[in-house]
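Indexing begins at 1, ligand by ligand and atom by atom, following the structure's order.
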Amino acid sequence: MSLYSVFKFAAFRLDPEAAHHLSLSMLSHFPKSSAELFNTPEVDPRLSLKVGSMNWSFPVGLAAGLDKNGEAIEFFSRILFGAVEIGTVTPLEQPGNDKPRLFRYVEEESLRNRMGFNNHGMEALASNVTSSLRFGKTLGINLGKNKNTKAEDAPSDYAKLYQRLAPLADYLVINVSSPNTPGLRDLQSTESLKLIFSELEKHRTQCPKPLYLKISPDMATEDLDALFQVCHDYNLEGIIATNTTIMADRGEGGISGRLLYPKAQHFRLKCLERLKGSSLEMIGVGGFADFSEVLDYWSHGGRALQIYTSFIFQGPQILSQWQNEILEVLKITGARDLEELLKNPKELGSIELS
Ligand SMILES: Cc1cc2nc3c(=O)[nH]c(=O)nc-3n(C[C@H](O)[C@H](O)[C@H](O)COP(=O)(O)O)c2cc1C
């Protein structure tokens with residue numbers, strides 16, 4: 001039995017949000033000993049990956065929402081993650097929705113959340129980033145508007161956040177895809193995005209950093225071409241696909257984990273088809289739990305990815321296990337490193353691991 005199984009056995013007896021806060025508090029107070037306890041291996045240098053203009057030390061990053069305030073950056077930087085995305089942060093602190101707002105589906109290795117961007121605001125996050133050890137790990141900051149900010153003032157919220165936080169980040173993400181802030185997903189329309197991106201332009205000139213847009217798997221795929229055109233026109237580096245999905249029969253909020261995977265993967269493949277030949281990068285997220293799913297994503301031209309829910313259910317060893325599996329694939333195919341492996345994606349779909 002692994003140490004994480006023991007930890008999980010105890011944590012899963014607590015209310016999900018209480019377990020979350022307790023774990024994050026342990027990881028933020030004891031980052032070094034927690035990372036040592038989970039016996040994290042070194043990253044193999046052959047597994048670094050170019051992601052747009054960035055370089056990730058490993059192809060799998062931490063998805064937004066787990067460390068909303070950047071309290072445990074050091075811990076997440078010490079383990080294998082190739083990049084750590086913190087947030088969603090809003091300009092001002094806000095409490096989020098009423099509790100309970102986080103639910104587990106243990107058998108289905110899935111979560112449902114209706115957190116509503118609970119966070120301590122951009123100043124608290126900035127101070128956590130400045131005081132954290134990162135060991136050169138790529139840091140992303142995910143930005144959202146305050147609940148009380150009217151839709152027409154959303155561009156100003158994103159501009160304030162960009163101006164304050166871009167100097168501290170390696171990349172930034174505009175989040176308009178959470179189902180838990182009323183009206184937020186309406187900002188995915190091309191008209192609203194144009195207003196947000198033009199408001200950001202002068203700040204981006206002053207502090208140019210890779211900018212990504214995180215999108216929902218519930219968007220109509222017919223709208224993707226127009227959306228990608230706007231991202232291209234405003235010089236975004238790429239998109240992050242996907243956020244959580246709504247499953248009305250499960251209740252309010254967004255579903256993540258294995259239940260999300262089929263929809264998210266289908267949506268990602270639609271995005272990849274449309275992005276062929278485009279300069280926009282895609283970071284995949286949503287439901288990845290088994291290495292075969294990563295291989296499938298790569299076989300369709302995907303590259304970097306992120307996880308959240310499978311990290312909760314499987315623990316840090318999901319990363320070391322995937323590292324071993326990627327190394328096995330390198331051996332089978334004779335590829336020198338991950339970059340070379342991803343140059344011939346088609347053959348990856350048929351690989352069988354022992
Ligand atoms: C409890 C919880 C909170 C989340 N909060 C955020 C958030 O603040 N911002 C965001 O962009 N995504 C947030 N997400 C979405 C994740 O970043 C990710 O897109 C989604 O969970 C799908 O990935 P997964 O199946 O690997 O969890 C949250 C997810 C969960 C489960």
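- Of the protein's heavy atoms, Tyr308 OH, 3.2 Å lies nearest to atom 1 (C) of ligand 1.
- Listed by atom number, the atoms of ligand 1 under 4.0 Å from Gly257 heavy atoms are 25 (O).
- Residue contacts with ligand 1: Ser310 is placed with no nitrogen or oxygen under 3.5 Å of a nitrogen or oxygen of the ligand (distance criterion only).
- In this structure, Arg78 fails the cation-pi test against Phe76, since its NZ or CZ atom is not both closer than 6.0 Å to the six-membered ring centre and inside 45 degrees of the ring normal.
- Below 4.0 Å from some heavy atom of Asn175 lie the following atoms of ligand 1, by number and element: 9 (N), 10 (C), 11 (O).
- Scanning Leu102, Val173, Thr88, Asn243 for the heavy atom closest to atom 9 (N) of ligand 1 points to Thr88.
- Between Gln94 and Asn148, the closest side-chain pair of non-hydrogen atoms is not below 4.5 Å.
- Each of the following atoms of ligand 1 lies closer than 4.0 Å to a heavy atom of Asn142: 10 (C), 11 (O).
- Contact check for Ile246 versus Arg185: side-chain heavy atoms found under the 4.5 Å cut-off.
- Contact check for Val176 versus Ile196: side-chain heavy atoms found under the 4.5 Å cut-off.
- Residue Val285 places no N or O, backbone or side chain, under 3.5 Å from any N or O of ligand 1.
- In the vicinity of Thr309, heavy-atom distances shorter than 4.0 Å reach the ligand 1 atoms 24 (P), 25 (O), 26 (O), 27 (O).
- Nearest protein heavy-atom neighbour of atom 6 (C) of ligand 1: Gly65 CA, 3.4 Å.
- If you number the atoms of ligand 1 from 1 as listed, the ones under 4.0 Å from a heavy atom of Gly286 come out as 22 (C), 23 (O), 25 (O).
- Between the CD1 atom in Ile318 and the CZ atom in Phe313 there is a gap of 11.5 Å [rounded to 0.5 Å].
- Glu281 has its side chain within reach of Arg303: a pair of non-hydrogen atoms, C-beta onward, lies under 4.5 Å apart.
- Put simply, the side chain of Gln323 reaches to within 4.5 Å of the side chain of Leu327, judged on heavy atoms.
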Given side chain to side chain contact (heavy atoms under 4.5 Å, CB included), test Asn180 with Phe117 step by step and report yes or no.
-> CA-CA 8 Å; Asn180 302 317; Phe117 292 169; over 6 Å; no

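- Remark: minimum distance from atom 8 (O) of ligand 1 to any protein heavy atom is reached at Lys68 NZ, 2.9 Å.
- Nearest protein heavy-atom contact of atom 12 (N) of ligand 1 is Lys214 NZ, 3.1 Å.
- A heavy-atom distance below 4.5 Å is found between the side chains of Glu85 and Gln306.
- Ranked by closest heavy atom to atom 22 (C) of ligand 1, the top entry among Leu259, Leu111, Leu260 is Leu260.
- In this structure, Ser178 falls outside the shell of residues with a heavy atom less than 4.0 angstrom from ligand 1.
- The nearest heavy-atom contact from the protein to atom 20 (C) of ligand 1 is Thr244 CG2, 3.9 Å.
- Taking the ring axis of Phe12 as reference, the NZ or CZ atom of Lys8 stays within 45° of it and closer than 6.0 Å to the ring centre.
- In this structure the side chain of Ser278 never reaches within 4.5 angstrom of the side chain of Phe228, judged on heavy atoms.
- Here the protein heavy atom with the shortest distance to atom 16 (C) of ligand 1 is Ala64 O, 3.5 Å.
- For the residues Gly254, Gly116, Ser256, Ala289, the heavy atom positioned nearest atom 31 (C) of ligand 1 is part of Ser256.
- Applying the 4.0 Å criterion to heavy atoms of Ile307 picks out, from ligand 1, the atoms 26 (O).
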